[in-house]
Amino acid sequence: MSIPVSVEVIEVGMRDGLQMESEFVDTATKVELINGLMAAGVRHIEATSFVSPRAVPQLADAAEVLADANRPAGSRFAVLAPNLKGVERAIAAKADEIVVFLSASESHNQKNLNRSIDRSLEDISAIAQHVEGVDIKKKGAIACAFGCPFEGDVELDTLKRIVGHFHSLGFRALTLGDTTGMATPMLVTRTVSALRDAFPDMKLTLHFHNTRGIGLVNVVAGLNAGIDSYESSIGGLGGCPFAPGASGNICTEDLVYLLNEMGIHTGIDLDKLIGVANHMESVLGRTLPGQVMKAGPRLRLHGYEDAACAMG
């Protein structure tokens, strides 16, 4: 496979990132952050989730966020919808895309969704039937696609069974989630190759975490395998509350910097993106793990006279 000349960067920090935050971020600030991402050139964003407000209070204002945020031409506002009720709310709020998900491991699916994989597949069938004829895009997502913190490696046959179920329901877009940072370049190459061979018309998106420090290395493996769609989180915000040791997603600014330096087009203004990351950091009141937001691009030069000088 040749490396893609352009890549779609899907921002998930407003959902996957903020859902981990215990302090509520007010609706106006969420909208301001989304508008900043849009101004930076992000065009595909997982803006929120229609989960139970009791389960995730941070996202209780999902409908208001969608109603108030800017939607430039060509933008797509995706929302996570874990069940039929969430899908109905997403349709009413005029989301552009619903993302329905399950885990590739029984243990994590029980922790995350409180049900078996087979029961989740039944739910997804009901959702697909419900949105038939509705003007909304649908996308599948598989958590723990590269390994489970409770069970270890995930069998390719398990992934193929799940992807096959999505495919049979008319899904043609799917995210493979590295929920606890267990992916490695070899695993990425093997998994992508097997699923592309089995389902050549399924568009794959990769979602990596930087739990073990090789999130962007896995992106390069994905690029070498021809994957041109990646999910990331502003400032490196996020993680999974149902998986031990799952630190944040790969950082959007770091990803865009990498792609820029590889000559791969994203349509995103890195300087504006860094501004949004800094704003997110100030909103949350703590240092975020993103690196480019601190150091800047490599050719952002500094004044010579202001630099410290060795003594002696």
[X]/[Y] ion pair, N-O < 4.0 Å:
X	Y	value
Asp123	Arg119	yes
Asp201	Arg172	yes
Arg161	Glu155	no
Glu97	Arg76	yes
Asp68	Lys30	no

Could you check whether any side-chain N or O of [X] sits under 3.5 Å from a backbone N or O of [Y], counting only pairs where one atom can act as donor and the other as acceptor?
X	Y	value
Asn109	Ser103	yes
Asp178	Phe146	no
Asp228	Glu8	no
Asp16	Gly238	no
Thr252	Ile234	yes
Glu253	Gly235	yes
Thr175	Gly177	no
Ser168	His165	yes
Asn249	Leu237	yes
Arg212	Thr180	yes

Worksheet item: Between Val256, Val5, Val7, which is the residue that forms a side chain to side chain contact (heavy atoms under 4.5 Å, CB included) with Ile264?
Response: Val7
Worksheet item: At what distance, to the nearest 0.5 angstrom, does CG of Asp61 lie from OG1 of Thr27?
Response: 3.5 Å
Worksheet item: Aromatic rings Phe171 and Phe166: how do their planes relate, parallel, tilted or perpendicular, breaks at 30° and 60°?
Response: perpendicular
